**Q** 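Please find one structure pasted underneath; my questions will follow.
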Amino acid sequence: MALQLVRACSIPCPFVPWNDPAPTIAPRHEPAKTHANVSSDDTIVQPDLTFADLGLSDKVLSAVTDAGYTKPTPIQAGAIPHALQGKDVLGIAQTGTGKTAAFVLPMITRLEKGRARARMPRTLILEPTRELAAQVEENFVRYGKNHKLNIALLIGGVSFDEQERKLERGADVLIATPGRLLDHRERGKLLLTGVDILVIDEADRMLDMGFIPDIERICEMIPFTRQTLFFSATMPPEITKLTEKFLQAPVRVEVAKPSSTATTVTQRLVKSGSKSWDKRAVLRKLIEDEGDSLTNAIIFCNRKVDVSELFRSLVKHDFDAGALHGDMDQRARMAMLDGFRNNKLRLLVASDVAARGLDIPAVSHVFNFDVPIHAEDYVHRIGRTGRAGRSGKAFTIVTKSDNKYLDAVEKLTGQSIEWLDGDLSTLSPEVESDEAPRRGRGRPERKGRGRERGGERTRETPVAKTTPADEREDVVEAAPAERRERREAIRQGNAERERQMPNRPEQPRRDRDDRGRRYRDQDDVNTVVGFGDDVPAFMKIAVPV
DNA sequence: AAAAAAT
């Protein structure tokens with residue numbers, strides 16, 4: 001500790017601006033004054049514009065060419081020249097518009113002059129999620145291949161050691177999620193006084209996630225002489241306020257949505273009984289019916305437990321599946337995402353971590369296993385398909401209890417979504433009525449049939465109406481050797497991914513409260529501490545929670 | 001009836 005202090009003090013001006021709460025900030029101009037509106041129409045107006053026209057350095061240009069790009073997207077064409085001049089930029093653009101390269105390319109060009117000093121990164125990029133941060137790092141690697149950039153990625157869920165080493169070495173580019181960044185700073189391993197360029201990406205999402213106070217704290221640690229590049233898909237009032245506070249005379253670059261969802265994405269609602277096994281059976285049927293037209297798909301669930309449950313179920317049915325949610329450890333998250341990107345994996349079951357921002361190209365299908373609780377999430381989810389002019393399909397499984405949320409979705413999108421095969425009123429009545437009595441009593445079909453793997457206590461029904469297990473056998477018998485091999489490969493991949501799924505963290509710990517203190521076990525409910533076997537009856541009365 | 005992010 002003492003050592004750290006001594007070392008921190010040996011750095012020039014260690015304590016200066018971050019204790020001064022944002023000193024006299026230069027006068028701000030209204031963003032509208034320097035307004036430079038660029039819409040997607042500009043691509044038509046200037047069809048011949050190339051990256052070479054934007055003023056990027058030769059080294060950056062050659063990396064861009066090597067990556068196979070010649071024409072900038074509207075946000076790139078609009079933002080890059082201003083960013084190169086050192087102006088603040090307010091970019092209003094969604095993912096899929098080429099937003100990341102719009103700040104990465106000019107930053108690399110501007111970083112060519114100067115060198116990084118220990119613990120004093122020269123640039124800082126804030127991202128709302130770990131995956132996005134990692135994605136930005138990949139961009140710096142790709143476009144910075146002709147440069148000797150020191151890149152540090154500070155995200156949670158991985159060890160501090162390597163991150164600290166990179167900071168120590170001096171980072172040209174620091175990419176971080178807010179929590180881990182502040183953590184490093186509190187440990188005294190990081191000085192933000194040398195940051196020349198600050199990027200705040202996906203600001204509206206940071207807002208949703210409650211990061212704004214952290215962002216404000218971080219902004220106040222960075223000298224106001226910096227350049228700020230600020231990106232947001234939407235501009236709610238809180239975000240506008242933030243830009244007024246932290247941007248100086250920004251150039252506003254606004255681009256239209258990459259594609260209007262309605263034209264490229266075929267949306268359908270699919271009725272289902274409300275029990276999860278019904279929904280799983282409906283989903284399997286949907287996937288099978290889509291056949292080879294389904295090249296890859298994301299299946300969204302509302303809750304992390306459901307992601308895990310559905311993932312295990314699909315694996316059990318030999319679907320080529322992976323899972324992604326925020327309670328999985330970082331290695332598993334990365335591995336799943338990589339597998340999905342490299343097409344080693346056809347189905348990705350995910351929470352809304354994957355709904356926005358993640359760069360998953362060309363998904364042919366999106367399935368909403370649950371109707372999202374917040375209507376705007378629906379838009380983000382189905383936005384994962386039908387990108388770049390390709391067609392996509394989005395199926396949403398709907399149960400009786402989803403009506404309220406479905407109404408909200410239809411109201412938000414301003415269109416009623418077609419049912420695939422009749423609405424809920426056409427649901428055969430036994431689907432709903434059968435279950436209530438069956439539940440808890442055990443199903444007759446299951447009696448005497450041991451579970452394949454003992455001790456497993458999933459709610460999965462081995463014999464659903466479609467008896468999928470038996471059907472599967474038929475398929476395997478009838479399949480040519482080639483298909484059997486493929487199935488075997490899927491099984492192996494699944495087994496590997498299942499191993500990567502954490503056994504515990506994704507299940508909410510019902511035996512602990514939120515401070516990690518242990519609740520009494522279910523079985524403990526009837527044993528009252530201190531009474532031995534003689535417990536007054538009133539103390540055993542269960543209190544409804 | 002949610003998820004994300006620091007431990």
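Lettering of chains follows the sequences in order, A, B, ..., and the numbering in each one begins at 1. Everything numeric in this text was worked out from a predicted model, so none of it was measured.
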**Q** Look at all strands and tell whether Asp370(A) reaches a base, only sugar-phosphate, or nothing, counting heavy atoms closer than 4.0 Å.
**A** nothing
**Q** When we call it a touch if two heavy atoms are under 4.0 Å apart, what does Gly210(A) touch: a base, just sugar-phosphate, or nothing?
**A** nothing
**Q** Please determine, for the side chain of Asp183(A), which listed nucleotide (dA6(B), dA5(B), dA3(B)) has the closest atom?
**A**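 Nearest to the side-chain atoms of Asp183(A), counting from C-beta on, is dA6(B).
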**Q** Are there over 12 heavy-atom neighbours, none belonging to Arg268(A), within less than 6.0 Å of that residue's CZ?
**A**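 Atom CZ in Arg268(A) is packed in, count exceeds 12.
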**Q** Would you kindly give the NE2-to-P distance between His380(A) and dA4(B), to the nearest whole Å?
**A** 15 Å
**Q** Under 6.0 Å between the ring centres of Phe103(A) and Phe231(A)?
**A** yes
**Q** Please classify the nucleic acid contact of Asp377(A) as base, sugar-phosphate, or nothing, using heavy-atom distances under 4.0 Å.
**A**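 Here Asp377(A) touches the bases of the nucleic acid.
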**Q** Looking for any heavy atom pair under 4.0 Å, which part of the strands does Pro372(A) touch: base, sugar-phosphate only, or nothing?
**A**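 Result for Pro372(A) = nothing.
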**Q** Any donor-acceptor pair, under 3.5 Å, between the side chain of His374(A) and the base of dA2(B), if you only look at N and O atoms?
**A**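 By the distance-only test, yes, there is a pair.
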**Q** Rounded to whole Å, please give me the gap between CG in Asp204(A) and C1' in dA3(B).
**A**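 So the CG-C1' distance, Asp204(A) to dA3(B), works out to 15 Å.
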**Q** Would you please confirm or rule out a distance under 4.0 Å between OP1 or OP2 of dT7(B) and any side-chain N or O of Arg180(A)?
**A** yes
**Q** When you measure from the side chain of Asp329(A) to the backbone N and O of Ala332(A), does any donor-acceptor pair fall under 3.5 Å?
**A** yes
**Q** Take atom CD1 of Ile155(A) and atom P of dT7(B), then tell me their distance rounded to the nearest Å.
**A** 10 Å
**Q** Rounding to a whole Å, what distance do you find between Asn403(A):CG and dA1(B):C1'?
**A** 15 Å
**Q** Could you work out which one of dA1(B), dA5(B), dA3(B) sits closest to the side chain of Arg130(A)?
**A** dA5(B)
**Q** Within the distance-only criterion (no hydrogens, no angle test), does the side chain of Lys279(A) pair as donor or acceptor with the backbone N or O of Ser272(A) below 3.5 angstrom?
**A**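 A pair under 3.5 Å: no.
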**Q** Asn302(A) has an atom CG; how far is it from atom C1' of dA3(B), in whole Å?
**A**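 My rounded result for the distance is 10 Å.
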**Q** Ignoring backbone atoms, establish whether Lys404(A) has a side-chain N or O less than 4.0 Å from OP1 or OP2 of dA1(B).
**A** no
**Q** Within the 4.0 Å heavy-atom criterion, would you say Arg217(A) contacts the bases, only the backbone, or no part of the nucleic acid?
**A**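 The answer is nothing, as Arg217(A) stays clear of every strand by at least 4.0 Å.
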**Q** What is the distance from CG of Leu181(A) to P of dT7(B), rounded to the nearest Å?
**A**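 Going from CG in Leu181(A) over to P in dT7(B) covers 13 Å.
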**Q** Counting only side-chain nitrogens and oxygens, does Ser401(A) get under 4.0 Å of the OP1 or OP2 atom of dA1(B)?
**A** no
**Q** Check every atom of dA4(B), dA5(B), dA6(B) against the side chain of Val353(A) and return the nucleotide holding the closest atom.
**A** dA4(B)
**Q** Between C1' on dA3(B) and CE on Met328(A), what's the gap in Å once rounded to a whole number?
**A**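 Whole-Å distance recorded here is 15 Å.
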**Q** Are there more than 12 heavy atoms of other residues, nucleotides or ligands under 6.0 Å from atom CD of Glu162(A)?
**A**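 It does not: Glu162(A) CD has 12 such atoms or fewer within range.
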**Q** Salt-bridge test for Glu127(A) and Arg205(A): reply yes if a basic N is under 4.0 Å from a carboxylate O, no otherwise.
**A**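 No, this pair does not count.
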**Q** Whether Ser351(A) contacts dA4(B) is assessed here as follows: a side-chain N or O lying under 4.0 Å from the phosphate OP1 or OP2. Is that the case?
**A**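 Yes, within the criterion.
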**Q** What is the distance, to the nearest angstrom, from the CG atom on Asn368(A) to the P atom on dA1(B)?
**A** 21 Å
**Q** Can you check whether Arg303(A) has a side-chain N or O nearer than 4.0 Å to OP1 or OP2 of dA4(B)?
**A** no
